[in-house]
Amino acid sequence: MSSKVIVITDSQFQAEVLKSEKPVLAYFWASWCGPCKLVAPSIEKVASEYSDRLKVVKMEVDPNPETVKQYQVEGLPALRLFRNQELLLSYEGGITQKKLVEMLEPHLIINNG
């Protein structure tokens, strides 16, 4: 099964995240981060289940200091939700898939009215 999570770098952040048509969940991680390994499957699952309404990107923090600094990523794993170039949501630390979905759902509603 191919991943729906797009791996990006500092240089791709603006095009992939800020200029995206859909809301974007940015997942910041590091290879040495234990909790990141626990959260990764939930990120993959959300990327698959919500691919029609949400774009999911992941960025390794060590090689990408510009974006990490700009969005004040201080703890890992870190999640940032963007829509229309605006930061809607910030979360740092381990998170269950259920809590992740509960946190994202209000921002993914398609408004037809």
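Just so it is clear, the values below take in all heavy atoms, side chains as well, and ignore hydrogens, waters and symmetry mates.
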Ignoring hydrogens and angles, tell me if any N or O in the side chain of [X] forms a donor-acceptor pair with the backbone of [Y] under 3.5 Å.
X     : Y      : answer
Tyr71 : Leu87  : no
Lys55 : Ala26  : no
Arg80 : Val24  : no
Glu92 : Glu74  : yes
Arg83 : His107 : yes
Lys37 : Ser31  : yes

Inset, instruction - Would you please test Thr9 and Asn64 for side-chain hydrogen bond (donor to acceptor under 3.5 Å, both in side chains) and show each step? - result: CA-CA 6 Å; Thr9 62; Asn64 298 292; 4.6 Å; no
Can you hop from [X] to [Y] via hydrophobic side chains spaced under 4.5 Å?
X     : Y     : value
Val17 : Leu88 : no
Val7  : Val68 : no
Met59 : Val61 : yes
Val39 : Val56 : yes
Leu54 : Leu79 : yes

Legend entry - Any side-chain donor near an acceptor of the partner, Tyr27 and Glu60, under 3.5 Å: no
Legend entry - Considering all heavy atoms, the nearest Pro65-Asp10 contact: N-OD2, 3.4 Å
Inset, instruction - Can you see which heavy atom on Pro77 is nearest to which on Gly94, and at what distance? - result: CD-N, 4.1 Å
Inset, instruction - Verify side-chain contact (heavy atoms from CB on, under 4.5 Å) between Met103 and Leu81, making sure each step is shown before the conclusion. - result: CA-CA 10 Å; Met103 193 170 73; Leu81 182 66; over 6 Å; no
Inset, instruction - Decide if atom CD of Glu66 counts as having more than 12 heavy atoms of other residues, nucleotides or ligands within a radius under 6.0 Å. - result: no
Inset, instruction - Verify the neighbour count for atom CG of Asp62: are there more than 12 heavy atoms of other residues, nucleotides or ligands below 6.0 Å? - result: yes
Inset, instruction - Apply side-chain contact (heavy atoms from CB on, under 4.5 Å) to Trp32 and Leu76, showing your working. - result: CA-CA 10 Å; Trp32 45 262; Leu76 294 177; 3.6 Å; yes
Legend entry - Stepwise side-chain contact (heavy atoms from CB on, under 4.5 Å) test for Gln14 and Lys19: CA-CA 6 Å; Gln14 185 165 356; Lys19 294 190 175 175; 3.5 Å; yes
Inset, instruction - Taking the side chain as every heavy atom from C-beta outward, state whether Phe13 and Ile8 have any pair of such atoms under 4.5 Å apart. - result: yes
When rounded to the nearest 0.5 angstrom, what is the spacing between [atom1] in [X] and [atom2] in [Y]?
X      : Y      : atom1 : atom2 : value
Tyr91  : Leu100 : OH    : CG    : 9.0 Å
Leu104 : Glu49  : CG    : CD    : 11.5 Å
Lys4   : Ser51  : NZ    : OG    : 4.5 Å
Lys58  : Cys36  : NZ    : SG    : 9.5 Å
Thr67  : Leu18  : OG1   : CG    : 8.5 Å
Ser20  : Ile6   : OG    : CD1   : 8.0 Å

Inset, instruction - Apply side-chain contact (heavy atoms from CB on, under 4.5 Å) to Glu102 and list each qualifying residue two or more places apart in sequence or on a separate chain. - result: Lys98
Inset, instruction - Start with the C-alpha distance between Leu108 and Tyr50, add both sets of side-chain angles, then the distance that settles side-chain contact (heavy atoms from CB on, under 4.5 Å), and finish with yes or no. - result: CA-CA 9 Å; Leu108 302 180; Tyr50 293 89; 3.7 Å; yes
